[in-house]
S.K.: 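Input: one structure, supplied below.
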Amino acid sequence: MGKIALTGIKPTGILHIGNYFGAIKPALELAADYDARYFIADYHALNTMKDGAELNTRIREVAAGWLAAGLDPERVIFYRQSDVPETFELATMLMCFASKGLLNRAHAYKAVVQANGEKGADPDAGINMGLFTYPVLMAADILLFDTDIVPVGQDQTQHVEMAADIAGALNFNYKRELLKVPQASVRENVAVVPGLDGRKMSKSYGNVIPLFCTEKELRKLCMKVVTNSQGIDEPKNPDESQIFLLYTLFATPEERAALAARYRAGGMGWGEAKEELFRAANRELSPLRERYNAIMADIPALEKILKEGAAKARAVSSQTMARLRTASGIAL
Ligand code: TRP
């Protein structure tokens, strides 16, 4: 068996091209070299999403999205966190090894406490135990599968370090390596995808291009990307153009060089550059969109893929839990 890469995808928003280039594509590339386990962290999402219909839709979209983007469920174990009940048993066990002080230091939790302080509100306002214990649930996700590396964005490295700390505390107590100590693998060199307004593309800025929008909408959004006020004849600097940065993600190196030359020569207006962007984006995204629509049209088939993934995951997770029950004295 090769090394294990595991990551969770929190279904809290519509997938956009920032997710695609920043997380989905790199994770799928990594799956060529590792035994990959990718799952939908639906209980993590429940923390912030209390509308059942909406959460359900997001879970389906994210699952269909990863499959449409090329995740091969024969090679990657692909499942829903909620279909692997050992996750929640392990989380309960890990609670007994995770110090409260450790969790007090979690950035996400601390940020809310701090915001409460700035507003003069009670420090605990709006904080549920799901937020406070988020790192423990995440540690359970990771430690259940003897994970070597956890591909994540920079914002999640602290959580992976906490998982390593908690594994260390448990191993120390039982004086052997019952749990593998994982490492974060931070995606570097992945492009920062600019949003329509030029800031980083992010759901919270409302500046996204959804990955699976219709062709018509894609075109409309490409036309909305910010530009400066330079006229058609003026030479333009491709490196300062959000349109060009986005184009770079979709174009071949030759196409990139050709468009850069047209920018520098002058005589090309922003409208034309936007058309080029749309053409390149649609070329890459239309086969994904077609696969996505086909998957979303057959939810029972999607459900079957996820259930098969969960069965494979549980073959591993039940062994981990059996090992821990024995070591801890819980098993008779
Ligand atoms: N917390 C991660 C995020 O917000 C999602 C996640 C849940 C995760 N469990 C995980 C990531 C386990 C890696 C490993 O993006």
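Just follow the structure's listing: the first ligand is 1, and inside any ligand the first atom is 1. This structure is a prediction, so every number in the text was calculated from the model and none was measured.
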S.K.: If you draw the axis of the six-membered ring of Tyr205, does the NZ or CZ of Arg199 fall within 45° of it and under 6.0 Å from the ring centre?
M.R.: yes
S.K.: Considering residues at least two apart in sequence or located in another chain, which fulfil the side chain to side chain contact (heavy atoms under 4.5 Å, CB included) criterion with Asp165?
M.R.: Leu102
S.K.: Tell me whether Lys216 at atom NZ has more than 12 heavy atoms from other residues, nucleotides or ligands lying less than 6.0 Å away.
M.R.: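 No.
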S.K.: Pick out the protein N or O atoms lying less than 3.5 Å from any N or O of ligand 1, and list each pair with its distance.
M.R.:
from	atom 1	to	atom 2	distance (Å)
ligand 1	1 (N)	Tyr134	OH	2.6
ligand 1	1 (N)	Gln156	OE1	2.8
ligand 1	4 (O)	Tyr134	OH	3.1
ligand 1	4 (O)	Gln156	NE2	3.4
ligand 1	9 (N)	Asp141	OD2	2.8

S.K.: In terms of the angle between their ring planes, are Phe145 and Tyr79 parallel, tilted or perpendicular, with boundaries placed at 30° and 60°?
M.R.: tilted
S.K.: Which residue pairs pass the salt bridge (charged side-chain N to carboxylate O under 4.0 Å, His left out) test with at least one member in residues 24-35, sequence neighbours excluded?
M.R.: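 For residues 24-35: Lys25-Glu284.
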S.K.: Side-chain atoms of residues 65-75: list all donor-acceptor pairs with protein atoms under 3.5 Å, sequence neighbours left out, distances to 0.1 Å.
M.R.:
from	atom 1	to	atom 2	distance (Å)
Asp72	OD1	Glu74	N	2.8

